[in-house]
Amino acid sequence: MPELPEVETVRDGLARHVVGARVVDVEVLRDYSVRRHEGGPAGFRDELLGQRLGAAVRRGKFLWLPLEPAAGSVDGPAAALLAHLGMSGQLLVRSGVALADRSPHLRVRVVLEHDDRTAYGAQALDFVDQRTFGHLSVQDLVPTPDGAPGGLGSDLAAVPAPVAHIGRDLLDPSLRRDDVVDAIRRRRTGVKRALLDQTVVSGVGNIYADEALWRARLHYARATDTLRRPEAHRLLDAAAEVMTEALAQGGTSFDALYVNVNGQSGYFSRSLAVYGQEGEPCPRCGTLVRRDEFMNRSSYTCPRCQPRPRNGRW
DNA sequence: CAGTAGACCTGATCGC
DNA sequence: TGCGATCAGGTCTACT
């Protein structure tokens, strides 16, 4: 569910509210939500207890908090608390009376304490996830191949191991757009598939893929190996632009399922041109937006601005 | 190797 | 009211 702008909104909230805090308790209410942690729920808890959260970092839709071991503890390799929100995950920061709020879909609660207890008091980082496609785990950090920072929010040239295969995203200053253009044009598939492939470029999901394609006037089934360089650049520019605009509005949410760390929804859904707009007029030409089944999900296009390519193989 | 369908979950909504 | 089918913003794995 959450794509880059939504995850970045959450990262920013974590950077403001929980960075610097120390883990004093961990409650795993649903084992499946920590399935990616090697040592299971008990190991997950053990590895977090006493650790300090050092930063809030994001690459694409992956989010992590590097751990600073407590003074005097025996430290292994550098590690981080890794989160992926999947389709319905939320990270909510609760403190004071709100600590009593327990969502029915609360899967993991990480209880935190700040050094300056007079200012913060007890605090919890709640992982709430209806569909449970999201997950939390503690992961070793591995070096990035290019030596550049692993993601937005840190200058560490390292990423959690499960993020090593994820490409940089369009808000990453170290991303080289020319390389992404080449990678897209080298593939033999439809352009939307390439845009959604997180190893090519990360952070783009179904909403922003459709919005970017509409802005770039490209059909989702356009074969990548027929794309001209300027067309591919136009697409990446459009994707970066639409995600930046969405971020400025706190992200896209259709309901209370996607919220920031304070439980508030973003407003970008009002600005969507085609996604979810079947039967509504295209904001550019007035032609009615159509919905197609594609990759077992939906794709929305303006049939006039984005005509299906005649030689499209999909 | 690259590309693609299916699996993994829960809940809301719609038509009968 | 109940039941089944369908839909939802993602990613990993196991095929071809």
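Within every chain, numbering begins at 1; the chains are lettered A, B, ... in the order of the sequence lines, protein sequences first and strands thereafter.
Between the CD atom of A:Q90 and the P atom of C:dA8 there is a distance of 19 Å, given to the nearest Å. Rounded to a whole Å, the CG atom of A:L4 is 13 Å from the C1' atom of C:dG9. At whole-Å resolution of the value, CG in A:D210 and C1' in C:dG9 are 11 Å apart. A straight line from CD of A:Q130 to C1' of C:dA8 spans 9 Å, rounded to a whole angstrom. Between A:R35 atom CZ and C:dG10 atom C1' the separation is 11 Å, expressed in whole Å. Per the geometry, CZ belonging to A:R36 stands 14 Å off P belonging to B:dC9, to the nearest Å. Distance CZ (A:R187) to P (B:dG3): 4 Å, rounded to an integer number of Å.
Residue A:Y208 is out of contact with every strand shown, counting any heavy-atom pair closer than 4.0 Å.
Contact check, A:Q198 against C:dG10: no side-chain N or O comes under 4.0 Å of OP1 or OP2. Phosphate proximity of B:dC8 to A:R131: absent, as no side-chain N or O sits under 4.0 Å from OP1 or OP2. Residue A:T189 places at least one side-chain N or O under 4.0 Å from the OP1 or OP2 atom of B:dT4. Between A:H105 and the phosphate of B:dT10, there is no side-chain N or O to OP1/OP2 separation shorter than 4.0 Å. Side-chain nitrogen and oxygen atoms of A:R30 include at least one within less than 4.0 Å of the OP1 or OP2 phosphate oxygen of B:dT10. Taking 4.0 angstrom as the limit, A:H165 places a side-chain polar atom (N or O) nearer than this to OP1 or OP2 of C:dC12.
Ring planes of A:H135 and A:H84: parallel class, angle under 30° (limits at 30 and 60°).
Connection of A:L175 to A:L195 is established within a shared hydrophobic cluster, with ILVMFWY side chains joined at heavy-atom distances below 4.5 Å, either directly or through further cluster members. With hydrophobic clusters built from ILVMFWY side chains whose heavy atoms lie under 4.5 angstrom apart, A:L152 does not share a cluster with A:V261.
Distances from the side chain of A:F62 to the nucleotides B:dA5, C:dC7, C:dC12 place C:dC12 closest.
Ion pairing between a basic and an acidic side chain is recognised when a charged N comes within 4.0 Å of a carboxylate O; A:D210 and A:K192 show such pairing. Taking 4.0 Å as the cut-off between side-chain N and carboxylate O, A:D126 and A:R94 count as a salt-bridged pair. A:D12 has a carboxylate O that lies under 4.0 Å from a charged side-chain N of A:R16, or vice versa, which qualifies the two as a salt bridge.
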Secondary-structure notation, DNA chain B, from Watson-Crick and G-U pairs under 3.5 angstrom (| other strand): .|||||||.|||||||

Verdict with reasoning, A:E6 to A:Y208, per side chain to side chain donor-acceptor pair (under 3.5 Å): CA-CA 11 Å; A:E6 293 73 39; A:Y208 298 112; 2.6 Å; yes

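Both A:V204 and A:R291 lie close to DNA chain C; mapped to their nearest nucleotides by heavy-atom distance, the more 5′-ward contact belongs to A:R291.
Nucleotides B:dC9 and C:dA14 have their P atoms positioned 15 Å apart, rounded to a whole Å. Rounded to the nearest Å, the gap between the P atom of B:dA7 and that of C:dA5 is 16 Å.
Checking side-chain atoms of A:R109 against main-chain N and O of A:L99 turns up a donor-acceptor pair under 3.5 Å.
Just one of A:L48, A:V111, A:L49, A:L112 meets the side chain to side chain contact (heavy atoms under 4.5 Å, CB included) condition when paired with A:V24; it is A:V111.
Annotation: cation-pi pair A:R36/A:F44 absent, no NZ/CZ under 6.0 Å from the ring centroid and within 45° of its normal.
The stretch residues 295-302 of chain A comes close to DNA chain C through A:R297, A:S298, each having a heavy atom under 4.0 Å from the strand.
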